[in-house]
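Step one of this worksheet: look at the structure below.
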Amino acid sequence: MKRILPYFLSGKTSALIALPAFFCSLWLMGCETLVDDLDRSRLPTSTSKLVVECLLSPQSDVIRVVVTESQPLFGPASYSPTFIARASVVLSDGEKEIAIPYVDSTFTYTVDSGRFPIEAGKKYRLSVSDGVRSVTASCVVPREVIAPRDYELDSLPVSDNPGARRFRLQFRWDDPPGIKNYYSVFGYATIREAVYNPDPPAGEPDTNYHYRQHILQHDVRGILVSDRNLDGTTFRSPRYELSLYGYHVNPSGPGEPAFFSHPTIARIHYEVRNLDENYYRFYYAYNNADNDNPFVEPTLIPSNIEGGLGCFGAYTTGVLDVEL
C-alpha cells in the first residue's frame with residue numbers, strides 16, 4: 001500500500017516552504033534595523049511623579065500614608081519602590097489639619113488616629129509635597145458600617161485521617177438599599193490546640209494550649225464586589241474550608257496514656273469593609289492587571305491623586321466576632 005503524504009509535506013513543496021521563511025527573515029531584519037536606527041531624541045520625554053497611597057477608616061488605629069515616585073517610561077526599570085522620606089504630608093478635614101511625620105522603620109508617614117480621629121461621612125483632603133513636586137487628593141468616608149449578620153459553620157467528613165477535622169464556613173451581610181456600595185472582606189479563625197507536656201505537675205491535669213490564626217483570605221484586597229444590580233440584597237462571602245490536623249504522642253511507658261492535640265476552632269473574626277469608589281476602582285484595576293502576559297493589553301490604573309498617581313480612599317469596617 002502506498003503512503004500518501006499531504007501536499008504540504010511532499011518534496012514538491014520545498015520551494016513553497018522556503019519562500020515564506022525567506023520573506024519572514026527579511027521582515028525580522030527590517031524590524032531589527034528599525035529598532036537600532038531609532039533616534040532616542042524622537043521618543044517622548046517623561047519625568048517621575050509622586051505616588052501616594054492612603055486609606056482612611058474610623059475603625060483603624062493609625063493613619064498611614066505611603067509616598068513613593070514613579071519610574072520614567074523610557075529608562076532603567078526596577079521593581080523596588082523608591083520611598084520619599086522628606087516630604088510634607090498634611091491631612092485636613094476643612095476645619096483642622098495635621099502634619100503626619102515619617103517613620104523610618106516602616107517607610108511610611110504614620111500617626112495615631114487618636115490625634116486626628118476619622119469620622120464617617122466626612123470629607124478629607126490630603127496634600128503631599130517633596131519641595132519640587134506637589135499633589136493633592138480628596139475623599140469622603142462612607143457613612144454606613146455594615147457588619148456580617150450571621151454565618152454558617154458546617155463539619156465535613158474526613159476519610160484519610162481519623163483524627164483530622166474539616167469545616168466549611170460562610171458569612172452573610174445585608175446591602176443597604178438605595179445606596180451605591182463597594183465591599184472587600186477579610187477574616188481569620190483562631191485555632192486552639194493542646195500542647196503535649198511530658199512531665200506535668202503531679203496530680204494536676206495538663207491544660208496548656210497553643211493558639212494560632214488561620215487566615216481565611218490572604219489578601220484584604222483580593223475580593224472586591226459591587227452591589228451593582230444587587231442593591232438591597234443579601235451578600236454571601238466565599239465558602240472557606242478549614243482542615244485541622246492534630247498530632248499524636250504514643251505512650252512512652254506502661255500506664256501512660258496516649259496524647260492527641262485535638263485542634264478546634266476557638267474563635268471566628270470576620271470583617272466587611274464598605275469602600276468608597278476611589279478605593280474600589282483603584283484596587284479592582286490593580287488586582288486585574290496582568291503584567292506578566294505580553295499578549296494582554298496594559299490595564300489603565302485609575303488615580304484620584306491630582307498631579308501624581310495612586311489612591312486616596314476610605315472605608316468603614318463592620319466586624320463579627322464569635323467565640324466558639
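Just so we're clear, the structure is a prediction, and the values are computed from it rather than from any experiment.
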**Request:** Determine yes or no for a side-chain-to-main-chain donor-acceptor pair under 3.5 angstrom, with Ser129 supplying the side chain and Ser134 the backbone.
**Result:** no
**Prompt:** Taking NZ, NE, NH1 and NH2 as the nitrogens, is one of them in Asp321 or Arg267 under 4.0 Å from a carboxylate oxygen of the other?
**Reply:** yes
**Message:** Hydrophobic cluster membership, with links at side-chain heavy-atom distances under 4.5 Å among I/L/V/M/F/W/Y: are Phe282 and Leu309 in one?
**Reply:** no
**Request:** Decide whether a cation-pi geometry holds between Arg192 and Tyr211; the criteria are a distance under 6.0 Å from NZ or CZ to the six-membered ring centre and an angle within 45° of the ring axis.
**Result:** no
**Item:** Glu193 side chain to Ser261 side chain, donor-acceptor N/O pair below 3.5 angstrom
**Value:** yes
**Asked** Does the Asp104 side chain pair with the main chain of Tyr102, one donor and one acceptor, at a distance under 3.5 Å?
**Response** no
**Prompt:** Under 3.5 Å, side chain of Asp227 to main-chain N/O of Asn181, donor-acceptor pair present?
**Reply:** yes
**Complete:** On a heavy-atom basis, the closest approach of Pro238 and Ile223 is CG-CD1, 3.3 Å
**Prompt:** Do Arg115 and Asp112 sit within salt-bridge range, that is, some charged N less than 4.0 Å from a carboxylate O?
**Reply:** no
**Asked** Is a side-chain N or O of Thr108 found less than 3.5 angstrom from the main chain of Thr110, in a donor-acceptor match?
**Response** no
**Message:** When you compare the side chains of Thr233 and Asp175, does any donor N or O come within less than 3.5 Å of an acceptor on the partner?
**Reply:** no
**Prompt:** Distance from Arg212 atom CZ to Ile191 atom CD1, nearest 0.5 Å?
**Reply:** 5.5 Å
**Prompt:** Under 3.5 Å, is there a donor-acceptor pair between the side chain of Ser303 and the main chain of Gly310?
**Reply:** yes
**Item:** Single-linkage hydrophobic cluster Val111~Val90, side-chain heavy atoms < 4.5 angstrom
**Value:** no
**N/O donor-acceptor pair under 3.5 Å between Gln170 side chain and Glu152 backbone** = no
**Request:** Kindly determine whether Asp174 and Thr234 satisfy side chain to side chain donor-acceptor pair (under 3.5 Å), including the steps that lead there.
**Result:** CA-CA 4 Å; Asp174 295 326; Thr234 297; 3.0 Å; yes
**Asked** When clusters are formed by joining ILVMFWY residues with side-chain heavy atoms under 4.5 Å apart, either directly or through shared neighbours, do Val51 and Val135 land in the same one?
**Response** no
**Request:** Show your working on side-chain contact (heavy atoms from CB on, under 4.5 Å) between His214 and Leu216 and close with a plain yes or no.
**Result:** CA-CA 6 Å; His214 178 94; Leu216 302 178; 4.2 Å; yes
**Request:** Please determine, by modelled atom types, if Tyr283 and Tyr182 share a side-chain donor-acceptor pair under 3.5 angstrom.
**Result:** no
**Request:** Identify whether Phe235 and Leu169 are in the same connected component of the hydrophobic contact network (ILVMFWY, side-chain heavy atoms under 4.5 Å).
**Result:** yes
**Message:** Under a plain distance cut-off of 3.5 Å, with no hydrogens placed, do Thr316 and Arg143 share a side-chain donor-acceptor pair?
**Reply:** no
**Asked** Do you know the tightest heavy-atom contact between Val141 and Ala120?
**Response** CG1-CA, 3.8 Å
**Prompt:** Looking at side-chain heavy atoms only, is the closest gap between Tyr196 and Phe260 below 4.5 Å?
**Reply:** no
**Message:** Keeping Asn208 on the side-chain end and Val195 on the backbone end, is there a donor-acceptor pair under 3.5 Å?
**Reply:** no
**Message:** Are the side chains of Thr136 and Arg125 in contact, using a 4.5 Å heavy-atom criterion?
**Reply:** yes
**Item:** Pro176 to Asp231 - nearest heavy-atom pair and separation
**Value:** O-OD1, 3.4 Å
**Asked** Considering only heavy atoms from C-beta outward, does the side chain of Tyr280 approach that of Tyr183 to under 4.5 Å?
**Response** no
**Fill in**
For Ile305 and Ala137, the nearest pair of non-hydrogen atoms, with its separation, is CD1-CB, 3.6 Å
**Item:** For the student: nearest non-hydrogen atoms of Pro142 and Asn274, plus distance
**Value:** CG-O, 3.4 Å
**Sidechain-backbone polar pair: Ser243 side chain, Arg166 backbone, donor-acceptor under 3.5 Å** = no
**Asked** Should Phe312 and Val65 count as side-chain neighbours, where that means a heavy-atom distance under 4.5 Å?
**Response** no
**Message:** Does any part of the side chain of Ile63, heavy atoms only, come nearer than 4.5 Å to the side chain of Ile118, both counted from C-beta?
**Reply:** yes
**Asked** Ignoring hydrogens and geometry, is there a side-chain-to-backbone donor-acceptor pair from Glu271 to Val185 under 3.5 Å?
**Response** no
**Request:** Look at the aromatic rings of Tyr124 and Phe116 and report parallel, tilted or perpendicular, splitting at 30° and 60°.
**Result:** perpendicular
**Asked** Would you say Tyr151's side chain and Val322's backbone share a donor-acceptor pair under 3.5 angstrom?
**Response** no
**Message:** Hydrophobic clusters here meaning ILVMFWY residues chained together by side-chain heavy-atom distances under 4.5 Å, can you tell me if Val225 and Val272 are in one?
**Reply:** yes
**Request:** Indicate the atoms forming the closest heavy-atom contact of Asp276 with Cys139, along with that distance.
**Result:** OD2-CB, 3.8 Å
